[in-house]
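Written below as structure tokens is the structure these notes are about.
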Amino acid sequence: MSRALVLCLVSASAVVGFAQQPSAVTSPLINTVDPPALVIGGRTTIQLVGKNLDGATHLLLPFAAKVRRDPGGTESTRFVVDVARTVSPGVYPLRAYGPAGMSNLRLVCVAADPVIHTKASGNGRYRGGRIDLASAKSVRWPCRIAGGRLSQDIDLFRFRVDAGQRLVFSTQTRRLGLTPDPVIRLRDSRGRTLALVHDTPTLAKDERLDYTFDQAGEYLVELQSFGVAGWTNHYILKIGSHQYARTVYPLGGRQGETIDVEVIGRDGKVRSQRAMVPSDPVEDRWRLPLPDHPGSLSWPMAAGEFPERHESKMQKGADGDVVVSKWPVTINGRITAAGEEDRFRLAVRPGQVIRCQVAAWYLGSALDGLLMAWDPVGKKLLATGDDLRYRANVDPGLEFTVPPKVTSVVLSLRDTLDRGGREFPYRLTIEAGGPDFFLWMGRRQNPFENSGWAKMDANDTVTIPRGGEVQVRVTARRNLPGKPPDDGYYKGPVRGFAGAIRLNVVGLPKGVTVSEGEIASGSNSGELTFRADPHLDTLKPFAVAVIGEATRRDGTRLKRVAERMLYLSDPQMTHMPWEWRSRKLVGVVVSGGRQQP
């Protein structure tokens with residue numbers, strides 16, 4: 001066996017890409033990974049299905065593992081993966097690469113539970129209008145059941161318990177970039193429904209059913225999808241008596257700092273866990289391992305650039321508003337009770353442009369926030385933000401200019417449905433606003449433009465021929481006032497910059513160079529040219545960041561990292577959120593051959 005090259009990639013950030021489109025190059029493309037689960041300290045054989053996979057000879061994994069490839073064809077190949085015992089449970093990116101180049105990203109779940117790979121024909125079928133209980137497949141827990149074709153089937157599994165046994169049934173689909181919108185139903189041995197769950201809060205359309213059995217005996221768990229089909233139509237169903245995390249607080253910290261995280265378990269018990277926020281200035285997301293809560297995936301967390309405060313520890317004025325005398329700042333808080341509204345009084349100057357954004361939903365919070373800015377003296381609403389209305393992002397953001405003679409502004413945040421509780425934490429970032437831009441790698445991400453190739457979006461990769469060059473496209477979202485928007489789905493405050501944007505790359509490996517590029521004023525795209533030394537070793541993966549720099553008319557300098565959101569479950573269904581963001585362009589140098597533009 002050969003040891004897989006290990007490269008620590010992004011944790012939960014944004015995505016970068018390249019001008020070569022998958023339809024024009026021979027790089028490997030992964031459609032599905034089956035099963036999308038690996039076992040810590042164990043061996044799993046996974047099958048990759050996609051295109052050009054005869055040129056995929058290696059796996060790129062961000063953890064220690066031994067990998068052996070079983071030769072396959074153009075559309076399918078297998079790898080045998082032995083995961084080291086030291087690997088932490090969690091969600092990880094997987095790519096394939098080889099002489100044909102670097103593939104797109106897919107996600108796999110790594111845990112200690114054994115995997116039961118099932119493709120039972122007729123499992124859960126109906127006869128005479130009733131489900132055929134005899135068709136149920138028997139399983140022993142704890143386990144992870146890996147199945148597929150859920151849009152066309154009802155999968156049914158039989159298991160035994162003792163009296164008083166408490167079991168947790170949880171799905172891992174959408175959080176792994178898989179298509180099913182699962183429904184879990186628990187039945188007794190006669191088929192009568194005991195419990196049913198759909199759209200469990202904080203799980204991003206995954207499900208969790210926590211149940212205690214009064215009587216010993218056989219029971220059945222049924223899994224089906226709520227009317228959604230797709231090409232990544234697989235699932236993981238985890239069964240066991242696991243402790244799981246309901247929520248964590250805070251939802252992140254400042255880059256490079258150590259934070260204490262409260263993890264609230266299934267019964268409300270709080271455990272404290274110390275963690276180091278990654279210091280990489282490029283990354284704004286990471287994942288928190290939860291070793292004491294094996295029933296949960298690693299938790300998505302934020303890495304901020306500004307000082308961090310906690311709303312509960314900040315000074316309050318006579319009116320009860322939290323006093324914010326210094327900003328920029330990120331405030332960590334929680335809507336602890338139904339109907340609660342958190343209010344912050346900012347010290348400001350007339351004419352200042354202020355941007356406020358909430359991060360909650362993509363970080364596992366149940367909060368659907370409503371953010372408003374008020375002039376408390378004139379009692380005037382300055383701005384309101386319900387949500388960004390961008391690919392299921394319910395987090396609010398707003399920007400406003402401080403009116404004349406106003407020296408303090410009140411920000412208020414509450415849940416749009418007046419809910420509250422421990423599962424409603426948030427991060428509120430307050431900073432200077434003004435004309436701004438957002439960078440994509442590759443073409444702009446409109447889900448209706450990118451039909452076909454977007455299903456296996458490889459825009460966060462680059463394959464460079466040794467001794468050759470390749471052009472990388474970078475696209476700006478400006479959304480200029482008075483002009484058709486570059487992205488009509490985005491309704492947030494990052495917009496309005498019309499000037500030139502300089503492009504450069506950081507973290508280049510030895511032997512790879514890049515010419516600086518530019519997105520000209522009035523233009524929405526530019527290119528970078530990557531070159532590889534003719535004597536450079538091949539098949540050594542690397543990761544670099546693409547940076548855009550610009551200057552506002554007032555002299556303020558902007559520095560933005562190029563991103564790409566990966567809509568792995570279905571990029572053309574606008575109600576589905578992205579499952580992964582990358583801020584690193586992942587590449588490899590291959591021998592010979594000119595890459596097509």
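Residue numbers count from 1 along this sequence.
- Annotation: ring pair (Phe, Tyr, Trp, His ring centres under 6.0 Å) contacts of H117 (sequence neighbours excluded): none.
- With ring centers used as reference points, Y211 lies under 6.0 Å from F213.
- Proximity of a side-chain donor or acceptor of R69 to a complementary backbone N or O of L59 within less than 3.5 Å is not detected.
- In this structure, R185 contributes its side chain and V221 its backbone to no donor-acceptor pair below 3.5 Å.
- Summarising the geometry of D132 relative to L156, their closest heavy-atom pair is O-CD2, 4.0 Å, with the distance given to 0.1 Å.
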Step by step, work out the side-chain hydrogen bond (donor to acceptor under 3.5 Å, both in side chains) result for T200 and R208.
-> CA-CA 6 Å; T200 304; R208 180 192 296 127; over 6 Å; no
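- Side-chain atoms of R160 do not come within 3.5 Å of backbone N or O of Y219 as any donor-acceptor pair.
- The distance from atom CD1 of I30 to atom CG of L53, rounded to the nearest 0.5 Å, is 7.0 Å.
- Considering every non-hydrogen atom in both P89 and A111, the closest pair reads CB-CA, 4.4 Å.
- Atom OG1 of T171 and atom CD1 of I184 lie 5.0 Å apart (nearest 0.5 Å).
- Contact of the Q273 side chain with the P291 side chain is registered, since non-hydrogen atoms from C-beta on lie closer than 4.5 Å.
- Within the 3.5 Å criterion, the main-chain N or O of A366 finds no donor-acceptor partner in the side chain of W361.
- Nearest heavy-atom pair, L176 versus L107, reported as atom, atom and distance to 0.1 Å: O-CB, 3.6 Å.
- Legend: residues meeting salt bridge (Lys or Arg N to Asp or Glu O under 4.0 Å) with D199, ordered by chain and number and at least two apart, are absent.
- Looking at every heavy atom in both residues, R334 comes nearest to I264 through NH2-CD1, 4.3 Å.
- The residues K269 and D292 are annotated as not salt-bridged, no charged nitrogen and carboxylate oxygen being separated by less than 4.0 angstrom.
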Starting from the C-alpha separation in whole Å, work towards a yes-or-no answer on side chain to side chain contact (heavy atoms under 4.5 Å, CB included) for L568 and L105.
-> CA-CA 9 Å; L568 302 175; L105 175 148; 4.0 Å; yes
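- Atom CG of L290 and atom CZ of R271 lie 11.0 Å apart (nearest 0.5 Å).
- Side-chain contact check for P425 versus L367: every heavy-atom pair is 4.5 Å or farther apart.
- Annotation for E218: atom CD counts as buried by contact number, over 12 foreign heavy atoms lying within 6.0 Å.
- Between V248 and M301 there is a side-chain heavy-atom pair separated by less than 4.5 Å.
- Taking 4.5 Å as the limit, every side-chain heavy atom of L38 sits out of range of all side-chain heavy atoms of V87.
- For R419, the CZ atom is densely surrounded, since the number of other residues' heavy atoms within 6.0 Å is greater than 12.
- Contact annotation: the side chain of F159 approaches that of L167 to within less than 4.5 Å [non-hydrogen atoms, C-beta and beyond].
- Side chain of N52 to backbone of S27: a donor-acceptor contact under 3.5 angstrom is found.
- A donor-acceptor distance shorter than 3.5 angstrom exists from the side chain of D206 to the backbone of T173, with no hydrogens or angles considered.
- Taking 4.0 Å as the cut-off between side-chain N and carboxylate O, R246 and E423 count as a salt-bridged pair.
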Side-chain polar contacts of residues 237-244 - donor-acceptor pairs under 3.5 angstrom, sequence neighbours left out - could you list them?
{"unit_1": "K238", "atom_1": "NZ", "unit_2": "D113", "atom_2": "OD2", "d": "2.1"}
{"unit_1": "Q243", "atom_1": "OE1", "unit_2": "R266", "atom_2": "N", "d": "2.8"}
{"unit_1": "Y244", "atom_1": "OH", "unit_2": "D210", "atom_2": "OD2", "d": "2.8"}

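- Between the side chain of S298 and the backbone N or O of G90 there is no donor-acceptor pair closer than 3.5 Å.
- Side-chain contact between Q215 and V161 is absent, with no heavy atoms from C-beta onward closer than 4.5 Å.
- A donor and an acceptor atom, one from each side chain of T416 and D368, are located under 3.5 Å apart.
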Start with the C-alpha distance between W299 and L251, add both sets of side-chain angles, then the distance that settles side chain to side chain contact (heavy atoms under 4.5 Å, CB included), and finish with yes or no.
-> CA-CA 9 Å; W299 203 277; L251 296 175; 4.1 Å; yes
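- For the pair V80/R43, a side-chain contact is recorded, criterion being any heavy-atom separation below 4.5 Å from C-beta on.
- Of all non-hydrogen atoms in A245 and S296, the two that sit nearest each other are N-OG, 2.8 Å.
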Could you go through the side chain to side chain contact (heavy atoms under 4.5 Å, CB included) check for E222 and I131 one step at a time?
-> CA-CA 10 Å; E222 172 188 312; I131 193 166; 3.5 Å; yes
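- For the pair I46 and P35, the minimum side-chain heavy-atom distance is below 4.5 Å.
- Remark: side-chain polar atoms of D395 are paired, donor with acceptor, to backbone N or O of A360 under 3.5 angstrom.
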Walk me through it: do T463 and Y97 pass the test side chain to side chain contact (heavy atoms under 4.5 Å, CB included)?
-> CA-CA 10 Å; T463 297; Y97 68 98; over 6 Å; no
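- The NZ atom of K205 sits 11.5 Å away from atom CD of E579, with the distance rounded to the nearest 0.5 Å.
- R287 contributes no side-chain N or O that, together with a main-chain N or O of Y92, makes up a donor-acceptor pair within less than 3.5 Å.
- The structure places CG of N332 at 8.5 Å from OH of Y426, a figure rounded to the nearest 0.5 Å.
- Between atom CG of residue N233 and atom OG of residue S225 there is a gap of 6.5 Å, rounded to the nearest 0.5 Å.
- Aromatic pair F169/F157: ring centres not closer than 6.0 Å.
- Contact detail for V277 and A302: the closest heavy-atom pair is CG1-O, 4.4 Å.
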